[in-house]
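Down below is the structure, laid out as structure tokens.
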Amino acid sequence: MPELPEVETVRRGLATRGLGRVEAVLWLDPRMVRGPVPGEEIARRLLHQEARGAERYGKFLVWRFASGDGLLLHLGMSGRLEVGVAPDVPWAPHTHLVVLLTDGFEVRLRDPRRFGRIGWVVGPPALRVGPDPLAPDFTARRLAQLVAGRRRAIKAVLLDQASLGGVGNIYADEALWRARIHPATPAGALDERQVARLHRALRAVLREAIASGGTSFRDYVDALGRPGRFAGRLKVYGRRGSRCARCRGRIETMHLAGRTTHFCRACQRPAEAGDRPVVMSTEG
DNA sequence: AGATGATCCTGTATGC
DNA sequence: TGCATACAGGATCATC
């Protein structure tokens, strides 16, 4: 469930409260582990590591240690990270990782569906994750390069983590609504103004969502257990059948890229014949 | 290259 | 009340 704003909010919680030295690894569920390093080995390597902060790569988190190694985490659909938990608090169901720190508090990972993952990284992680849409160097020009010549639906491109890191179903729909672009528009058919609008919309909605601590529908809470406050500001996601805030049209849904897609047919028009796509050099 | 469907899971909401 | 079904903030793999 968590997308960039939720993962970023969790990252901040982990960076703030996941400090000190690892005193004990009380539980690490091997079913959560992906990658070459097995769970037992991860648990062994975690012991006595000194936490130094947390990084985010798209929807991935790395809990970084002074040694330069890090614990790689992905929250999948239903994952929650809990920091600053007192050891006398009973483990919630589906708790797959429990790390005791020298400050006396624990870091725990819960994930009922187990779509998330745990791994070990040495140095920077090797992940198929594209540029971060909030990075200073993610310009409209870079977005234009990303969509140029591609026939895939723009929403599919936004969701493709190898193209762009961190955008999920909620914020893809929200950004496209803000930019007044139909989700099924072939990416390469977007004209320069549409790309500029999408770039602006994407960054704005992600920034605003982070400022609100993310979006909570059911599961999601941040590392301190607080729900996000952005749900009330969503314009299309989860609003099928209600009125478009911009044109009073009806919000509808369709299936695209395997996901339920929310949009307003009236103000997110499909591309028309005669629209001029952005053509860019593929060099560089 | 890209679309689609299946797969990995449990929890919750709905419809009968 | 029970039971069946659909669906969910994700990612990956096989198949066409």
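Values below: all heavy atoms of this structure, side chains included; hydrogens, waters and symmetry mates excluded. Lettering of chains follows the sequences in order, A, B, ..., and the numbering in each one begins at 1.
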Please report the distance, rounded to the nearest Å, between CD1 in A/Ile154 and P in B/dG2. 12 Å

Would you mind classifying the nucleic acid contact of A/Thr260 as base, sugar-phosphate or nothing, using non-hydrogen atoms under 4.0 angstrom? sugar-phosphate

Measuring only between side-chain heavy atoms, which start at C-beta, is A/Ile170 closer than 4.5 Å to A/Phe217? yes

Using a cut-off of less than 4.0 Å, is there contact between a side-chain N or O of A/Gln161 and OP1 or OP2 of C/dA11? yes

Which of these nucleotides, C/dC13, C/dA8, B/dG11, is closest to any side-chain atom of A/Pro112? B/dG11

Below 4.0 Å: OP1/OP2 of B/dT10 and any side-chain N or O of A/His94: no

Could you state the NZ-C1' distance from A/Lys59 to C/dT12, rounded to the nearest angstrom? 13 Å

Would A/Arg52 count as a cation-pi partner of A/Trp63, with NZ or CZ less than 6.0 Å from the six-membered ring centre and within 45° of the ring normal? no

In whole Å, what is the span from the NE2 atom of A/His255 to the P atom of B/dG2? 22 Å

Counting side-chain heavy atoms from CB outward, which of C/dC13, C/dA11, C/dA8 is closest to A/His74? C/dA11

Could you check which of C/dA8, B/dA3, B/dT10 has an atom nearest any side-chain atom of A/Ala156? B/dA3

Using OP1 and OP2 only, check whether a side-chain N or O of A/Ser78 sits under 4.0 Å from C/dG10. no

Roughly how many Å apart are B/dT10 and C/dT1, using the C1' atom of each and rounding to a whole number? 23 Å

Rounded to whole angstrom units, what separation is found between the CZ atom of A/Arg114 and the P atom of C/dA11? 18 Å

Cationic tip of A/Arg80 within the cone over A/Tyr220's six-membered ring, i.e. under 6.0 Å and within 45° of the normal? no

Does the side chain of A/Leu72 come within less than 4.5 Å of A/Leu127's, by heavy atoms? yes

When you compare B/dC9 with C/dC3, how far apart are their P atoms, in angstrom units rounded to a whole number? 25 Å

Rounded distance in Å between the P positions of B/dA6 and C/dT5: 16 Å

With the side chain defined as heavy atoms from C-beta on, A/Phe115 is closest, among C/dG10, B/dT10, C/dC13, to C/dG10

So which nucleotide does B/dC9 pair with, by the Watson-Crick or G-U wobble rule with both distances under 3.5 Å? none

Between the side-chain atoms of A/Arg113 and the base atoms of B/dC9, is any donor-acceptor pair under 3.5 Å? yes

Specify the separation, in whole Å, of atom CE of A/Met32 and atom P of B/dT10. 12 Å

Strictly below 4.0 Å, N to O, side chains only: are A/Arg240 and A/Glu252 in salt-bridge contact? no

